[in-house]
Amino acid sequence: MERTAVAFAPGHISGYFQRIDGDTPRTTGSCGAGLVINRGVTATVRPADRISVVITDHLPTGDPLIRYGSGLIEELLGSFGISAAVETVADLPIGAGFGMSAAAILATLTAANAVFDLGLTECGIAERAHMLEVSHNTGLGDVAAAAGGGLAVRTAPGITGVATRMFPDADLCTVTFGSIFTPDIISSPEQMRKVSAAFPDRTPANLTEFMQNSREFAEASGLIPREIRPVLAACDDAGIPASMTMLGCGVFATGRDAHEILAGFGRAIPLKLCPHGPTLMEM
Ligand SMILES: Nc1ncnc2c1ncn2[C@@H]1O[C@H](COP(=O)(O)OP(=O)(O)O)[C@@H](O)[C@H]1O
Ligand SMILES: CC(C)(COP(=O)(O)O)[C@@H](O)C(=O)O
């Protein structure tokens, strides 16, 4: 019988970041911090005569949207010389700052590793995924963070750059209005100069400090879209820590009361920290 594998990889909400250029994609990435979340991408991989990719995306309203083909996933399979039919289901909208591209690569490679006996370790999977993500400019630090769980603080670029992971049992919530095209921002020297200048100088010791750093960074970076201003203002009025989902047109907030405030502006999605990185679900 033909083998099929299913794997899940968590998404990642980046709170703040700073691009670090190395000599190669392996050593290029970002420092920063973010939340690895319990929604992500589930990938199903089975051997096939030719490569095909079907993506289930979601609109900000929650309605599903089917897309065919993904340059990222096709290149990934091609680089291993494997031919497979891949289906990825993204729990959150793609391109909205939830690290769905990193999760898609990690989930697909975790499943492909099992089906095709590629012999990759967890580290090997993360390394290949990081290099692909960086060379496509779809992200800088998402793979390193999503390779494990929790609130991940990254002090160096690449998959070995995660200095701390914290696991507070916090209620998280997000609302999104749409995407920001990540490659345009992270390949712009001018934007990256502004982002660097906004990078916080203290390392967070807990979720509260992470939220403070994230908001200060968002304000100073010049990246906040007009659409999310009313949401941030409502959170501020209610004393709810909130910031911008980097890089997407959305807000994330913490605490039990966050859901009620965010629900006034759109589909509020409750989240928790994910305690782990990519996992093989069935074979
Ligand atoms: N679930 C997925 N399956 C396949 N490809 C994906 C998936 N998610 C993202 N991608 C690819 O990544 C690109 C978007 O990346 P990016 O803007 O970084 O999204 P995000 O902010 O969600 O990480 C898409 O154009 C698509 O090619
Ligand atoms: C913020 C970003 C550069 C992009 O994140 P996304 O749009 O979710 O792919 C991230 O990879 C980071 O380095 O922190």
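Values reported hereafter were calculated over all heavy atoms of this structure, with side chains retained and with hydrogens, waters and symmetry mates removed. In each ligand, atom 1 is the first atom listed, and ligand 1 is the first ligand listed. For the single chain, residues carry numbers from 1 onward in sequence order. Computed from a predicted model, the values in this text were never measured in an experiment.
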Compute the minimum heavy-atom distance from G71 to ligand 1 and say whether it is under 4.0 Å.
->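 Checking ligand 1 against G71, which is what was asked, there is no heavy-atom contact under 4.0 Å.
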Heavy-atom gap G97 to ligand 1 smaller than 4.0 Å |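 True for this residue.
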For ligand 1, which atoms sit closer than 4.0 Å to a heavy atom of T88?
->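 Listed by number with element, the hits are 1 (N), 2 (C), 3 (N), 4 (C).
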I'd like to check whether [X] has a polar contact with ligand 1, where a contact means an N/O of the residue lying under 3.5 Å from an N/O of the ligand.
X: G95; result: yes
X: G139; result: no
X: D142; result: no

Options I94, V54, N137, ranked by nearest heavy atom to atom 14 (C) of ligand 1, top entry =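 Shortest heavy-atom distance from atom 14 (C) of ligand 1: I94.
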Compare T56, I13, L72, V86 and give the one whose heavy atom is closest to atom 11 (C) of ligand 1.
->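 Among T56, I13, L72, V86, the closest heavy atom to atom 11 (C) of ligand 1 belongs to L72.
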Only one of T121, I159, T160 clears side-chain contact (heavy atoms from CB on, under 4.5 Å) with E127; which?
->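 That would be I159.
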Going from CZ on F252 to SG on C173, what distance comes out if it is rounded to the nearest 0.5 angstrom?
->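 F252 CZ to C173 SG: 12.0 Å, rounded to 0.5 Å.
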Please work out whether any backbone atom (N, CA, C, O) or any side-chain heavy atom from C-beta onward of T138 is under 4.0 Å from ligand 1, and answer side chain, backbone, both or neither.
->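 The answer is both, backbone and side chain.
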Give one line per pair: atom of ligand 2, protein atom, distance. Only N/O to N/O under 3.5 Å.
{"unit_1": "ligand 2", "atom_1": "5 (O)", "unit_2": "D142", "atom_2": "OD2", "d": "3.1"}
{"unit_1": "ligand 2", "atom_1": "7 (O)", "unit_2": "T182", "atom_2": "OG1", "d": "2.8"}
{"unit_1": "ligand 2", "atom_1": "7 (O)", "unit_2": "L247", "atom_2": "N", "d": "3.3"}
{"unit_1": "ligand 2", "atom_1": "8 (O)", "unit_2": "G99", "atom_2": "N", "d": "3.1"}
{"unit_1": "ligand 2", "atom_1": "8 (O)", "unit_2": "D142", "atom_2": "OD2", "d": "3.4"}
{"unit_1": "ligand 2", "atom_1": "9 (O)", "unit_2": "T138", "atom_2": "O", "d": "2.9"}
{"unit_1": "ligand 2", "atom_1": "9 (O)", "unit_2": "D142", "atom_2": "OD2", "d": "2.9"}
{"unit_1": "ligand 2", "atom_1": "11 (O)", "unit_2": "L140", "atom_2": "N", "d": "2.8"}
{"unit_1": "ligand 2", "atom_1": "11 (O)", "unit_2": "G141", "atom_2": "N", "d": "3.2"}
{"unit_1": "ligand 2", "atom_1": "11 (O)", "unit_2": "D142", "atom_2": "OD2", "d": "3.0"}
{"unit_1": "ligand 2", "atom_1": "13 (O)", "unit_2": "S30", "atom_2": "OG", "d": "2.6"}
{"unit_1": "ligand 2", "atom_1": "13 (O)", "unit_2": "G141", "atom_2": "N", "d": "2.8"}
{"unit_1": "ligand 2", "atom_1": "14 (O)", "unit_2": "S14", "atom_2": "OG", "d": "2.6"}
{"unit_1": "ligand 2", "atom_1": "14 (O)", "unit_2": "R154", "atom_2": "NH2", "d": "3.4"}

Should the ring pair F217 and Y16 be called parallel, tilted or perpendicular, given that the plane angle runs from 0 to 90° and is split at 30 and 60?
->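 F217 and Y16: tilted rings.
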Mark whether atom 25 (O) of ligand 1 lies under 4.0 angstrom from at least one protein heavy atom.
->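 For atom 25 (O) of ligand 1 the answer is no, since every protein heavy atom stays at 4.0 Å or beyond.
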